[in-house]
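Data first, discussion second: the structure below is written as structure tokens.
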Protein chains: 2
Amino acid sequence: MTEQKQSPNSRPYRMQRRAEQVDETRQRIVDAAVHLHGTVGPSGTTIAGIAAAAGVTRLTVYRHFPDDLALYSACSAHWLSQQVVPDPARWEQYADPAERLRVGLADLYRFYRDGQAMLLGVYRDKALLPEAIREAIDNDDRAFREFLLAAFDVDGEKERRLRAVIGHATSFWTWRSLTQGLTDDEAVDAMTTLILAT
Amino acid sequence: MTEQKQSPNSRPYRMQRRAEQVDETRQRIVDAAVHLHGTVGPSGTTIAGIAAAAGVTRLTVYRHFPDDLALYSACSAHWLSQQVVPDPARWEQYADPAERLRVGLADLYRFYRDGQAMLLGVYRDKALLPEAIREAIDNDDRAFREFLLAAFDVDGEKERRLRAVIGHATSFWTWRSLTQGLTDDEAVDAMTTLILAT
DNA sequence: TATTCAATGAACAGCGCCGTTCCATCAAAT
DNA sequence: ATTTGATGGAACGGCGCTGTTCATTGAATA
């Protein structure tokens with residue numbers, strides 16, 4: 001790198017190694033926040049707690065994330081980036097309703113199991129999350145439901161009932177409840193049976 | 001309910017009309033607390049809020065209910081006293097598993113619907129409730145599950161699966177989830193089908 | 001070497017809740 | 001008429017959290 005001597009008055013400042021350290025600090029904050037969300041849950045997570053866990057001052061947290069939404073967005077993006085997210089597009093090849101159901105629910109339940117610590121807190125405290133985050137969650141849930149429903153050729157009353165039951169089957173709480181005593185596979189079987197019998 | 005005390009010097013003091021007023025105050029507090037639990041939920045209910053709603057001082061609330069458990073117990077007892085509580089004993093005449101299931105779930109779901117405002121908050125904030133209250137809730141839930149299970153003549157693996165599925169069917173959250181799009185009757189049908197297919 | 005700037009550390013004011021104290025009030029009971 | 005006791009009213013100290021200011025540190029940078 002070539003250097004130039006400058007006069008004391010006004011020189012642009014291009015950070016390089018410095019920028020990395022800043023990002024590291026930011027990352028430590030996000031990691032701490034994600035960890036807390038997954039243990040004490042969003043409702044038990046405080047700025048002070050995050051700062052302490054990140055080995056940083058409250059003020060530093062505020063500077064990186066001016067408001068809750070900024071922090072939650074960063075957390076959610078980072079956490080999702082290290083999950084294998086269920087992907088309806090990959091279920092598309094299964095045209096048979098029953099088969100798509102099995103594959104889709106299995107994919108969903110695997111995701112639920114892998115991320116249960118975080119999801120438990122998130123769904124419990126959903127009402128306390130920033131509006132935008134809540135909407136994102138609802139949208140995803142709706143997408144899974146509608147995608148599974150789309151494999152069926154129904155309308156009217158039957159469609160309404162199917163949508164309700166599929167919505168139930170795809171709910172995190174349903175997975176949670178069923179797997180108190182069932183394996184994931186058994187839960188998939190149970191819900192598939194239920195839906196096909198509707 | 002209210003006791004008399006003796007002062008060294010004389011005159012026993014038996015309250016009569018007075019005692020009624022005390023009980024009225026106590027009742028106003030309980031009513032206010034129940035109302036708040038059913039609207040903002042236990043987690044949003046504060047002593048200050050109860051006092052304000054009851055038209056009483058915080059101090060008066062503390063005097064009637066020294067700790068949370070005393071208050072919650074009184075609330076729960078009073079609320080339950082004005083509910084038609086599901087009663088497994090009345091399901092006993094139905095020996096046929098399918099029939100007992102329908103009757104039991106219908107009774108349970110009716111109770112859930114009638115008390116949904118309160119139950120929503122209670123189940124959401126269950127972790128914050130006093131230990132004793134939480135145990136009472138868990139015991140009731142377990143009782144319903146086991147009573148429905150008892151109609152089946154099963155054991156081993158099948159019993160485990162049945163217990164899990166019946167537990168799921170009897171959960172408040174399951175009722176809540178299903179009745180987003182189904183009627184109570186349809187929900188009973190769905191869960192009965194699910195259980196009988198297990 | 002002099003400059004830049006992320007991060008620190010300390011303090012502030014504010015909020016709402018907690019549980020407790022002391023004293024005054026006033027109707028009911030004797 | 002006097003005593004009793006439930007309630008009111010006001011204040012206290014404590015807690016933990018919020019979001020903000022200010023001056024300082026110290027390492028990366030030019």
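Every chain is numbered from 1 and lettered A, B, ... according to where its sequence line falls, protein lines coming before strand lines. Because the structure is predicted, anything quoted here is derived from the model rather than measured.
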Test item: [X] side-chain N/O and [Y] main-chain N/O as donor-acceptor pair under 3.5 Å:
{"X": "Ser177(A)", "Y": "Trp173(A)", "value": "no"}
{"X": "Asp96(B)", "Y": "Glu99(B)", "value": "yes"}
{"X": "Arg160(A)", "Y": "Gly181(B)", "value": "yes"}

Check your understanding: Could you give all pairs that pass the salt bridge (charged side-chain N to carboxylate O under 4.0 Å, His left out) test and reach residues 67-88 of chain B, with sequence neighbours left out?
Key ->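 As it turns out, the salt bridge (charged side-chain N to carboxylate O under 4.0 Å, His left out) pairs with a partner in residues 67-88 of chain B, which skip direct neighbours, are Asp87(B)-Arg90(B).
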
Would you say a side-chain N or O of [X] is under 4.0 Å from OP1 or OP2 of [N]?
{"X": "Thr25(B)", "N": "dA6(D)", "value": "no"}
{"X": "His64(B)", "N": "dT7(D)", "value": "yes"}
{"X": "Gln21(B)", "N": "dA6(D)", "value": "no"}
{"X": "Thr60(A)", "N": "dA7(C)", "value": "no"}

Check your understanding: Is Asp31(B) salt-bridged to Arg28(B), going by a charged N under 4.0 Å from an acidic O?
Key ->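 No, Asp31(B) and Arg28(B) are not salt-bridged.
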
Atom-to-atom span, [atom1] of [X] to [atom2] of [N] - whole angstrom:
{"X": "Phe65(A)", "N": "dG19(D)", "atom1": "CZ", "atom2": "C1'", "result": "17 Å"}
{"X": "Ile29(B)", "N": "dT7(D)", "atom1": "CD1", "atom2": "C1'", "result": "10 Å"}
{"X": "Glu24(A)", "N": "dA7(C)", "atom1": "CD", "atom2": "P", "result": "10 Å"}
{"X": "Arg28(B)", "N": "dA6(D)", "atom1": "CZ", "atom2": "P", "result": "15 Å"}
{"X": "Gln27(A)", "N": "dA6(C)", "atom1": "CD", "atom2": "P", "result": "18 Å"}
{"X": "Leu128(A)", "N": "dC17(D)", "atom1": "CG", "atom2": "P", "result": "16 Å"}
{"X": "Glu20(A)", "N": "dC5(C)", "atom1": "CD", "atom2": "P", "result": "18 Å"}

Practice item. Give Gly55(A) one of three labels, base, sugar-phosphate or nothing, depending on what nucleic acid heavy atoms sit under 4.0 Å from its own. Key: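 Sugar-phosphate contact only.
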
Review point. Mind checking whether Trp91(B) and Phe147(B) have parallel, tilted or perpendicular rings, split at 30° and 60°?
Key: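 Correct class here is perpendicular.
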
Review point. Does a donor on one side chain sit under 3.5 Å from an acceptor on the other, for Asn139(B) and Glu135(B)?
Key: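 Checked: Asn139(B)/Glu135(B) side chains show no N/O donor-acceptor pair below 3.5 Å.
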
Scan nucleotides 18-21 of chain C against the protein and return all N/O pairs shorter than 3.5 Å with their distances rounded to 0.1 Å.
from    : atom 1 : to       : atom 2 : distance (Å)
dG19(C) : OP2    : Tyr62(B) : OH     : 3.1
dG19(C) : N7     : Arg58(B) : NH1    : 3.0
dG19(C) : O6     : Arg58(B) : NH2    : 2.9

